[in-house]
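Presented below is the structure to which this report refers.
Naming convention: chains lettered A, B, ... in sequence-line order (proteins, then strands); numbering from 1 in each chain.
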Amino acid sequence: MAELIADFPIPVRKKSPWLVQVTVVKALMKREMVTRFGKYKFGIVWMIVEPLISTIIIGFIIGRIAGRTVPEIPYPFFLLNGRILLQLFTGSLKIGVNSIKANQGLLVYRTVCPLDPFIARFLFELGSTSTSFVLFCIIGMWMGVTLSFGAIYLLVFCGLLTWLMGCGMGLIFGVSALYYKEMEKVALIFQSPLIFISAVLVPIAALPNAAQEFILKNPLAHTIELSRKALFPFYNNSDTNIIYPFSCAIIVFFAGLYFFRVNRFSLDRD
Amino acid sequence: MIIFDNVTKYYTANGSRKYILKNVSLTIPTGRNIAILGPNGAGKSTTLRLIGGAEAPNSGTVSSDQMISWPLGLASGFQGSLTARQNVLFVCEINGFTKEEIKSVMAYVVDFSELGNYFDVAVGKFSSGMRARLTFALSMSFRFDVYLVDELTSVGDQIFREKANKAFTALKKRASLMFVSHNLKVVKESCDSALLLRDGAAEFFGDMDEGIFEYQKFIKEKKGIPEDDLGRHQEETTATARSKESPLISSPKGKEGEKGKERKEGDKNGSQTE
């Protein structure tokens, strides 16, 4: 029979809050990895294969026509670039909406703060999506696509802004879903047309003027177009600029954090 | 010592606030086993969660100089899709254990929980008894000063309950318990003080009997509590009083004198069941 109480019991050490948070976020990210990919064989391979297959399908269907509008970039790469940037946004949004419910149980542990699961999942999303992006760049270069890394900082910046907007929206939708369950559905509806109005399929320059004006109101279109400009210096990025998505990202992200902070008492109920 | 400093906690239901604690300032001494008493919905579990740091009060602070466990209940923080092993690993990691420490915790939990092959099965497939065993085993491998137990031992079979009770007795040397249970008999056997929750106020009683007396008085006064529920509580307490001599399942007694004898009896029972 087992001993009744462990004779080696490990004292639970008190540590600085910052160190505790780093440890917790690390553990949560590891857990996320296991839950997300652990159940499949070759789990991590799916991270790359999934967007690749859907891109090939979409590219095959509309690539022959839409591809003519972007002579500067091989169309599959154009599409992949847009999709992955958009994935940074929608992925974080989706995660934010589900995160509260999925992780409420964890809050029983003293070291886990309500925001930690969000941080871990958002970082995980950023990490996995960027990894797949890097892999696609390598595959692309291997297949003969010429990429320019002169403005890599612009690419990184665009990616981060897109991600921050996703985190902000995820927090806003996630918290409001606590009060109105419908917000989960609204979030789904909200993100479904994004692929059409974020310059993922067709460059802004190829659209009629009226449509250009409309689409330029979407900050995601700016970051997606600029990220292409970063990799392909000859790409025509129309009237996109970085200031607009930057201010949008800051506003949305901090609004999300504020919204979360204000409603923190409603978060820890089962 | 656990200090409540002007703590207010409420939930909003249908637009109106329901106060669990209203401006409560209180000092709860540790080093003794405390039962949290109160009718359904009085906020016993919530109070435990406040003490365990699983929830934050709406205003005021709850502080302590002791290491306090997380609330050990059935709604424990296990991820259903992960195996017991992965869950234990996670809890160790968020507490910043080293590799060797995790190894020894794991060995202990495997042994104590007696889950066998189920240790590598997703926790979502566990019965409530198995969950309780896992939660209990895991918490016993941590050195806490105060263990918060929320109806954990009410599930599970006789063997588990006996084991849990014995562990609690052994634990008394180095730690104390805070206990939520609707079973007054169990509470009376294992606790020596009481914390009574009523209408947003909390009151500490150093003497268990006094706490139970006040609790029952409160229930009698309160309307809307079904008559039979009240009757059962009384029955249980009187039953305990009568059966003081009978060797029930082994259980820690509050009184110092009977402690040694009780434990011996408990050990005998334990070895019989083996």
Task: Under-4.0 Å salt bridge between B:E93 and A:R31 - done: no
Open item on the list: Between B:R133 and B:E114, does any NZ, NE, NH1 or NH2 come within less than 4.0 Å of an OD or OE carboxylate oxygen?
Closed with: no
- [ ] Please look at B:L148 and chain A and tell me whether the side chain, the backbone, both or neither of the residue comes under 4.5 angstrom of a heavy atom of that chain.
- [x] neither
Open item on the list: Taking side chain as everything from C-beta outward and backbone as N, CA, C, O, which of these in B:I68 sits under 4.5 Å from a heavy atom of chain A? Side chain, backbone, both or neither.
Closed with: both
Open item on the list: Using heavy-atom distances under 4.5 Å, tell me whether A:K30 contacts chain B through its side chain, its backbone, both, or neither.
Closed with: side chain
Open item on the list: Between A:L19, A:V25, A:V112, A:L28, who has the most heavy-atom pairs with chain B when the cutoff is under 4.5 Å?
Closed with: A:L28
Open item on the list: Below 30° counts as parallel, above 60° as perpendicular, anything between as tilted: where do the rings of B:F142 and B:W70 land?
Closed with: perpendicular
Open item on the list: Using the ring centroid of each side chain, check whether A:F118 and A:F260 are separated by less than 6.0 Å.
Closed with: yes
